[in-house]
Amino acid sequence: MPMRSELPSGMRLVEVTGDRYSEWLDAWLGAFASPPGGDPAVVDFYRRTHPPERAIAIDDGTGYVATNSSQHRDLVLPGGAAVPLAACTGGSCHPTLRRRGLMRATLLRLHERAVEEGKPIAAGGVSEWPIYWRFGYGPATSYNALDIDVKGVGWRSDAPGGDLEVRRVDGAEARTLAQSIYERQAPGTPGEVVPPSCYWDRLAHDPADARLEQMLAIGMGGAPRDHVAVGDRGLVSYRITSDWAPETTPQNIVHVIDLLAVDAEAAAALWRYLLSIDMVARVQVWYSPVDNPLTWWVADARKLRARRHDGLWLRPLDVPALLEARGWAADGALTLRVHDPEGYTGGTFRLEAEDGKATCRRTTAEPDLEMQVAAVGSILLGGTAATDLARGGRISAPDPRAAQLWDTMATPERAPYISYFY
Ligand SMILES: CC(=O)SCCNC(=O)CCNC(=O)[C@H](O)C(C)(C)COP(=O)(O)OP(=O)(O)OC[C@H]1O[C@@H](n2cnc3c(N)ncnc32)[C@H](O)[C@@H]1OP(=O)(O)O
């Protein structure tokens, strides 16, 4: 039976209606200090990417005091298969009512709804590290924020992409290209959560208002936005902010907003271009894969100055379905015992992988590996090592070779990564 939680008296958990969507958005984004306040451009964008019928709230009789939502999305697994995902985002509670279980009530409802809809997993990019473990979420992907010293980093003469031409494109073409490139690159990237096509409309907007830029996830700074493409294989969207007092050397900064490429050669051509713009001292990127081959194209990778962050957190709701859907790098058999405080997918399962595919069935055997469901979320894509979690006390493995075997079997084709925040 799913867990329920009691709400303080006078409060009701409700579905959000279209006519109160703007109020819902203000409550949600107000918790992040950016309420759109009815700004039609922001409300219209969110209404399409996060539609009212996916939103829930707690109403205390005077208005919405807590919010949450789960979007229909697909999650790419190792091997390229995608599974239906409850993409949770929009968790908030008014600060006057914090720590009374309001968020708990909304999130438990979202999990219950995901199971009703047949989704084997929920996921979110979480605001703060300590919160989501208790709800069965574990960090599964990582990304690097880069702050590149352009003068110091250099470019190797044998790096690929030198023969490819880059060309300017306008916002409308950038929008079309971005969606098409993403759709071609995502199946090879475990951890990507395929956004709806309207998500890419943000590339066709070019508001002068810095606040709106931030809300539409198209960068900050109020500078004009540029889009540069390599054929139909790669696209970068960026802004340059000026830092040049007349008596000094120019120190402009390139802020990369989206960099998408179907293959390494196209990505290299875009990076080569970004690192060659005159008067630029630094290139800053919020999201970069941790296995970005840029490391091997530049002359001095220490000048990339990478800071690693957790990306997507996964909450398995049907462990056997997920283990059978993902691809496996090596043959092997393991028995896993999973504890799920919400009661959806606890139990002991026998996993048997052969020729890239696996079966996973309930068993009464003793486990090789035992863990909370949040740890399954962490290791599912192979981006977090079971051996690390075993050393950290999050997985119990009486024979340490069992965690090693998991890591060998679960090795993904590349480091799990989500290229944006939702
Ligand atoms: C995927 C997403 O939606 S991420 C977005 C999350 N939203 C934000 O960070 C916006 C700003 N913060 C807020 O609006 C609120 O503080 C929220 C949404 C994080 C928490 O809402 P609350 O209603 O206070 O949470 P609630 O009372 O249900 O707490 C549930 C549990 O999480 C814990 N918790 C809640 N917030 C935090 C926090 N910031 N840090 C650590 N633990 C937390 C509580 O202590 C409680 O734990 P317990 O059950 O073990 O006692």
Side-chain angles (χ1 to χ4, degrees), residues 2-14 16 23-36 46 49-52 54-60 62-73 75 85-114 119 121-143 191 193 195 199 214-215 217 286-287 309-317 339-343 372-374 377-378 394 418 420-422:
M3 257 163 73
R4 290 279 181 172
S5 72
E6 292 295 313
L7 282 175
S9 80
M11 297 202 185
R12 284 184 313 127
L13 205 157
V14 295
V16 171
E23 178 191 346
W24 181 82
L25 205 56
D26 273 347
W28 164 23
L29 297 176
F32 291 85
S34 312
Y46 276 91
T49 54
H50 299 72
R54 301 304 301 169
I56 59 174
I58 292 175
D59 194 326
D60 74 348
T62 66
Y64 293 153
V65 291
T67 64
N68 225 326
S69 80
S70 62
Q71 309 302 321
H72 293 302
R73 298 282 189 268
L75 170 69
L85 169 76
C88 296
T89 184
S92 82
C93 158
H94 194 273
T96 54
L97 298 165
R98 65 195 281 283
R99 311 299 180 263
R100 297 182 201 186
L102 272 57
M103 205 267 286
R104 172 179 290 279
T106 58
L107 195 59
L108 293 186
R109 173 60 198 137
L110 293 183
H111 291 170
E112 188 180 63
R113 183 166 81 176
K119 298 194 168 87
I121 188 159
V126 311
S127 59
E128 296 188 74
W129 177 276
I131 307 176
Y132 282 84
W133 299 97
R134 58 177 57 69
F135 299 112
Y137 289 75
T141 72
S142 302
Y143 65 92
V193 172
Y199 171 75
Q214 189 183 354
M215 312 272 331
W286 192 343
Y287 288 105
H309 299 269
D310 51 294
L312 194 65
W313 289 52
L314 300 183
R315 198 301 176 200
L317 294 162
H339 299 277
D340 180 355
E342 288 171 43
Q372 293 292 326
V373 67
S378 278
R394 302 260 176 166
I418 178 168
Y420 68 105
F421 191 88
Y422 70 78

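Here the structure is a predicted model, which means the values were calculated and not measured. As the structure lists them, so they are numbered: ligands from 1, and atoms in each ligand from 1.
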* Asked: Of the choices A122, A31, G30, which has the non-hydrogen atom that lies closest to atom 11 (C) of ligand 1?
  -> A31

* **Check: W286 ring centroid to F421 ring centroid under 6.0 Å** => no

* Counting only non-hydrogen atoms of the protein, does one fall under 4.0 Å from atom 26 (P) of ligand 1? -> yes

* Sub-4.0 Å heavy-atom contact, A66 with ligand 1 -> no

* Asked: Backbone or side chain, does any N or O of I131 fall under 3.5 Å from an N or O of ligand 1?
  -> no

* Please walk me through it: do Q71 and H50 pass side chain to side chain contact (heavy atoms under 4.5 Å, CB included)? -> CA-CA 7 Å; Q71 309 302 321; H50 299 72; 3.7 Å; yes

* Asked: Atoms of ligand 1 less than 4.0 Å from G90 heavy atoms?
  -> 3 (O)

* Kindly confirm or rule out an N or O of G101 lying under 3.5 angstrom from an N or O of ligand 1. => yes

* Asked: Does any N or O atom in G124 lie less than 3.5 angstrom from one in ligand 1, N or O only?
  -> no

* Pick out which of L107, L108, V373 makes a side chain to side chain contact (heavy atoms under 4.5 Å, CB included) with E342. => L108

* Taking S378 for its side chain and P139 for its backbone only, find out whether a donor-acceptor pair lies under 3.5 Å. => yes

* **Part of C88 with heavy atoms under 4.0 Å of ligand 1, whether side chain, backbone, both or neither** => backbone

* Out of R134, R100, E128, indicate the one that has the non-hydrogen atom closest to atom 32 (O) of ligand 1. => R134

* Close N or O approach (S92, ligand 1; < 3.5 Å) -> no

* To do: Mark up the atoms of ligand 1 that fall under 4.0 Å of a heavy atom belonging to R98, in ascending order.
  => 24 (O)

* With distance as the sole test, does R134 use its side chain to make a donor-acceptor pair with the main-chain N or O of P130 at under 3.5 Å? -> yes

* Asked: Going by the angle between their ring planes, with limits at 30° and 60°, are Y420 and Y199 parallel, tilted or perpendicular?
  -> tilted

* Asked: In terms of atom number and element, which parts of ligand 1 are under 4.0 angstrom from non-hydrogen atoms of L102?
  -> 23 (O), 28 (O)

* Asked: Please state which protein non-hydrogen atom is closest to atom 21 (O) of ligand 1 and give its distance, to 0.1 Å?
  -> M103 CB, 3.3 Å

* Is ligand 1 under 4.0 Å from a heavy atom in the side chain of T89, in the backbone, in both, or in neither? -> backbone

* Asked: So is P130 polar-close to ligand 1, meaning N/O to N/O under 3.5 Å?
  -> no

* Asked: For atom 8 (C) of ligand 1, which candidate among F32, W129, Y137, F135 provides the closest heavy atom?
  -> F32

* Asked: Is there a donor-acceptor contact under 3.5 Å from the side chain of T141 to the main chain of L312?
  -> yes

* To do: Only heavy atoms count here, so choose which of G125, A123, G91, S70 is nearest to atom 5 (C) of ligand 1.
  => G91

* Heavy atom of protein closer than 4.0 angstrom to atom 29 (O) of ligand 1 -> no

* From CZ (R113) to OG1 (T106), nearest 0.5 Å -> 10.5 Å

* Asked: Backbone or side chain, does any N or O of R99 fall under 3.5 Å from an N or O of ligand 1?
  -> yes

* Can you pull out the closest protein heavy atom to atom 49 (O) of ligand 1? Residue, atom name and distance to 0.1 Å, please. => R104 NH2, 2.6 Å

* **atom 9 (O) of ligand 1 - nearest protein heavy atom and its distance** => S127 OG, 2.5 Å

* **Nearest non-hydrogen partners of W133 and G138, listed with the distance** => CZ3-CA, 4.2 Å

* Hey, does Y132 sit under 4.0 Å from ligand 1 if you only count heavy atoms? -> yes

* Any donor-acceptor pair under 3.5 Å linking the side chain of D26 with the backbone of L29? -> no

* To do: Keeping the roles fixed (side chain from R73, backbone from P195), state whether a donor-acceptor pair exists under 3.5 Å.
  => no

* Asked: Is at least one protein non-hydrogen atom found at under 4.0 angstrom from atom 51 (O) of ligand 1?
  -> no

* Structure fact -> In terms of its nearest heavy atom to atom 14 (O) of ligand 1, the top option of S69, C93, A33, P95 is C93

* Should the ring pair W28 and Y46 be called parallel, tilted or perpendicular, given that the plane angle runs from 0 to 90° and is split at 30 and 60? -> perpendicular

* At what distance, to the nearest 0.5 angstrom, does OH of Y132 lie from SG of C88? -> 8.0 Å

* To do: Hey, can you tell me if W129 and W313 have their rings parallel, tilted or perpendicular (30° and 60° cut-offs)?
  => perpendicular

